Amino acid sequence: MFRVTVQRSFVAQHFLTVPNPGPEGEVHSHQFTAEVGFEGPDLDEYGYLVDIDAVKAAMATVVDRYRDTTLNDHDAFAGENPSVERFARVFCEEVVAAVDSDVPERARVTLWEDDEAWASYETTL
């Protein structure tokens, strides 16, 4: 099985909308680190699982959308609690939609919230 992973860090804000969120119910920032990985058993005609530059470009677009903003203000989180779990799914779906490759079978985003906790989302392609 081949695996390719690209990593990028950025700062974004959010506030949790669950009952009794404590201090997390106030707008606060996190240093997020997104690790986007693709995997599959085969390579394309050029020996790539996925074009790393295409992954970097897709990640840059997603990071630019959320960097220095409040997640709660984005349509992707409308009416939803902007948890790191939900953000991992949103991030994954947006990157996968932007990367054009038929070779990988799976994609996974691991999204670190500061350096203490992470959540991941994995999908079949």
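In what follows, residues are counted from 1 in the order of the sequence shown. Only a predicted model underlies this, so the values are computations on that prediction, with no experimental measurement involved.
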Please tabulate, one pair per line, all N/O donor-acceptor pairs under 3.5 Å involving side-chain atoms of residues 81-91, not counting sequence neighbours.
residue: Asn81; atom: OD1; partner: Thr17; partner atom: N; Å: 2.7
residue: Asn81; atom: OD1; partner: Thr17; partner atom: OG1; Å: 3.3
residue: Ser83; atom: OG; partner: Glu85; partner atom: OE1; Å: 3.3
residue: Ser83; atom: OG; partner: Arg86; partner atom: N; Å: 3.1
residue: Arg86; atom: NH1; partner: Glu80; partner atom: OE1; Å: 3.4
residue: Arg86; atom: NH1; partner: Asn81; partner atom: O; Å: 2.7
residue: Arg86; atom: NH2; partner: Glu80; partner atom: OE1; Å: 3.1

Tabulate below the donor-acceptor pairs under 3.5 Å that side-chain atoms of residues 92-104 make, not counting sequence neighbours, or state none.
residue: Glu94; atom: OE1; partner: Arg65; partner atom: NH1; Å: 2.3
residue: Glu94; atom: OE2; partner: Tyr66; partner atom: OH; Å: 2.7
residue: Ser101; atom: OG; partner: Val103; partner atom: N; Å: 3.4

For the atom pair [atom1] ([X]) and [atom2] ([Y]), what is the distance rounded to the nearest 0.5 Å?
X      : Y      : atom1 : atom2 : value
His14  : Thr70  : NE2   : OG1   : 10.0 Å
Gln31  : Trp112 : CD    : CH2   : 13.0 Å
Arg3   : Glu39  : CZ    : CD    : 4.5 Å
Glu113 : Leu111 : CD    : CG    : 8.0 Å
Met1   : Leu49  : CE    : CG    : 9.5 Å

Is it possible for you to say whether [X] and [Y] belong to one hydrophobic cluster, with membership spreading through side-chain heavy-atom contacts below 4.5 Å?
X     : Y      : value
Val11 : Val63  : no
Val4  : Val62  : yes
Met59 : Leu125 : yes

State whether a side-chain donor-acceptor pair under 3.5 Å links Ser120 with Arg108. no
Would you say Gln13 and Ser29 are linked by a side-chain donor-acceptor pair, where the criterion is simply a distance under 3.5 Å? yes
Under 3.5 Å, which donor-acceptor pairs link side chains of residues 71-78 to any protein atom two or more places apart or in another chain?
residue: Asn72; atom: OD1; partner: Phe15; partner atom: N; Å: 3.0
residue: Asn72; atom: ND2; partner: Phe15; partner atom: O; Å: 2.8
residue: His74; atom: NE2; partner: Thr69; partner atom: OG1; Å: 2.8

With distance as the sole test, does Asp114 use its side chain to make a donor-acceptor pair with the main-chain N or O of His30 at under 3.5 Å? no
Taking atom [atom1] of [X] as the centre, report whether more than 12 heavy atoms of other residues, nucleotides or ligands fall under 6.0 Å from it.
X     : atom1 : result
Tyr48 : OH    : no
Asp68 : CG    : yes
Leu43 : CG    : yes

Given side chain to side chain contact (heavy atoms under 4.5 Å, CB included), test Val6 with Ile52 step by step and report yes or no. CA-CA 7 Å; Val6 179; Ile52 290 174; 4.0 Å; yes
pair Tyr46-Asp51: side-chain heavy atoms closer than 4.5 Å: no
